[in-house]
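Note sheet for the following structure.
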Amino acid sequence: MAEIISMPQLSDTMEEGTVIKWNKKVGDKVSEGDILAEIETDKATQDFEIDVSGILLFIGVKEGEKTRVNDILAIIGKEGEDISHIIKNSKEKIKDEKVEKILSNENKKKNKDRIFISPLAKKMAKEIGISIDQIKGSGDHGRIIKRDIETYEKTLDVDNRKVVYEKMDDRRVILSSMRKKIAEHLTNSKFTAPHYYLIIEIDVEKMIQLRKDLNKKLSIEEKISFNDIIIKAVALSLKKNPNINTSWKEEEIIYHSSINIGVAVAVKEGLIVPVIQNADQKSLLQISKEIKDKVLRSKSRKIKPEEIENSTFTVSNLGMYGIEFFTSIINIPNSSILSIGTITEKPIVKNSEITIGYIMKVTLSCDHRIIDGSTGSNFLQHLKNLLEDPILILV
């Protein structure tokens with residue numbers, strides 16, 4: 001008997017998915033464990049493995065198209081099996097839902113297309129020769145009133161002729177599932193967590209030297225970045241300041257036993273935050289290798305959902321783009337996020353003398369419901385001490 005393969009829910013927040021690529025075509029033999037397709041969720045692109053065998057009889061979604069979770073994705077059965085009744089039932093279900101949506105949209109459109117205008121404003125527009133569909137009303141429910149006609153009339157030149165502007169077509173891009181989810185996530189964070197910001201300057205001359213010394217002994221593939229050193233230092237600072245490694249719940253505060261650091265990575269559709277689990281227990285080289293691997297797979301959308309979940313703290317580094325200072329929105333349910341700026345040369349005072357130093361500004365965005373100013377300051381001071389004397393990171 002034919003098996004219906006539905007769009008799977010590949011993450012806890014997934015509502016719809018996009019088929020990026022079909023690895024099989026209709027008529028192909030498929031076996032349990034085969035990768036049927038690559039599916040984009042709101043978080044990543046994943047291989048979809050099937051648990052049935054047979055012949056691929058039907059594909060319900062074209063490459064590049066999206067469909068909701070549990071909608072029909074494909075049908076697998078015996079060669080020559082009649083599946084017309086399955087397809088018909090599926091199409092009728094989708095049609096009923098679409099008809100209901102269309103009727104709802106038509107009712108909205110009728111109200112939207114109707115232009116509300118007062119009799120006096122209508123008369124004035126006719127006398128001046130203005131098309132009322134070009135005027136935005138300021139009255140109740142967008143009604144065009146006398147004031148709107150007078151305001152619009154001022155846009156006409158002295159000869160009472162309308163000024164004409166060249167109209168350019170806007171380019172519209174449909175939001176990806178990831179971009180929509182990022183927007184929802186950040187909006188929720190910004191308007192539920194009361195943010196405040198702590199900024200500190202760190203002298204990173206010794207950190208620069210440490211990286212240089214380490215990289216002399218490492219292969220090209222193993223090279224350590226500034227970000228690797230910072231993340232290791234952050235992990236050790238969180239261990240000393242557990243009140244930062246927390247999450248807010250309506251009835252409780254969670255003090256996480258594990259230190260899992262999210263690393264913000266820019267991808268075409270927005271941001272992905274792969275997570276370094278138990279970062280405090282890993283060596284600098286282990287952290288570096290893991291970040292390289294996860295960043296690469298994030299950019300190719302091959303990162304697994306479990307690898308971008310359960311962070312307890314996040315680091316966002318725009319230093320490589322030359323940004324000296326910035327603030328970030330907290331990646332909830334984290335209670336804070338660290339923003340790393342670029343390293344700049346500037347005059348500093350050392351041993352009562354002015355010299356040229358290497359300074360890096362970092363900003364800690366904090367959720368004031370959990371983290372008080374003194375708590376955040378203690379964390380930053382500990383981080384500063386580690387990065388200014390980074391040999392302590394290796395001890």
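Side chains included, hydrogens not; waters and symmetry mates left out as well; all remaining heavy atoms used. These figures come from a predicted structure and were not determined experimentally.
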Looking only at heavy atoms, which two atoms of Leu271 and Ile182 are closest? And how far apart? N-CD1, 3.3 Å
From CA spacing to verdict: salt bridge (Lys or Arg N to Asp or Glu O under 4.0 Å), Lys66, Glu16: CA-CA 7 Å; Lys66 64 177 62 176; Glu16 60 184 14; 3.5 Å; yes
Would you say NZ of Lys223 has more than 12 non-hydrogen atoms from neighbouring residues, nucleotides or ligands within 6.0 angstrom? yes
If the test is side chain to side chain contact (heavy atoms under 4.5 Å, CB included), which one of Asn310, Asn334, Thr312 qualifies with His256? Thr312
Checking Gln381 side chain against Asn378 main chain: does a donor-acceptor pair fall under 3.5 Å? no
Applying salt bridge (Lys or Arg N to Asp or Glu O under 4.0 Å), run through Asp293 and Arg297 and close with a yes or a no. CA-CA 6 Å; Asp293 171 59; Arg297 288 190 291 114; 2.9 Å; yes
So does Ala121 get a backbone contact from the side chain of Ser118, meaning a donor-acceptor N/O pair under 3.5 Å? yes
Distance-minimising heavy-atom pair for Glu388 and Lys206: O-CD, 3.2 Å
Go through Lys346 and Glu201 one step at a time and tell me if the salt bridge (Lys or Arg N to Asp or Glu O under 4.0 Å) criterion holds. CA-CA 11 Å; Lys346 60 184 294 187; Glu201 288 189 345; 3.2 Å; yes
With rounding to the nearest 0.5 Å, note down the distance linking CD1 in Ile202 to CD1 in Ile343. 10.0 Å
Please indicate whether Ile356 has more than 12 foreign heavy atoms, meaning atoms of other residues, nucleotides or ligands, lying under 6.0 Å from its CD1. yes
For a quick test of reading the model, state the closest non-hydrogen atom pair linking Val234 to Leu383 and the distance between them. N-CD1, 3.8 Å
Scanning both residues in full, the closest heavy-atom pair of Lys29 with Lys24 reads O-NZ, 4.1 Å
Check: Lys25 side chain, Ile59 main-chain N or O, donor-acceptor pair, under 3.5 Å: no
Side chain of Tyr358, backbone of Met207: donor and acceptor closer than 3.5 Å? no
Hey, any chance Phe379 and Met360 share a hydrophobic cluster, counting ILVMFWY side chains that come within less than 4.5 Å of each other, even indirectly? yes
Take atom CD in Glu79; do more than 12 heavy atoms of anything else shown fall under 6.0 Å from it? no
Take atom NZ of Lys304 as the centre, draw a 6.0 Å sphere, and report whether it contains more than 12 heavy atoms from other residues, nucleotides or ligands. no
Just verifying a value: how many Å separate Asn243 CG and Ile370 CD1, rounded to the nearest 0.5 Å? 10.0 Å
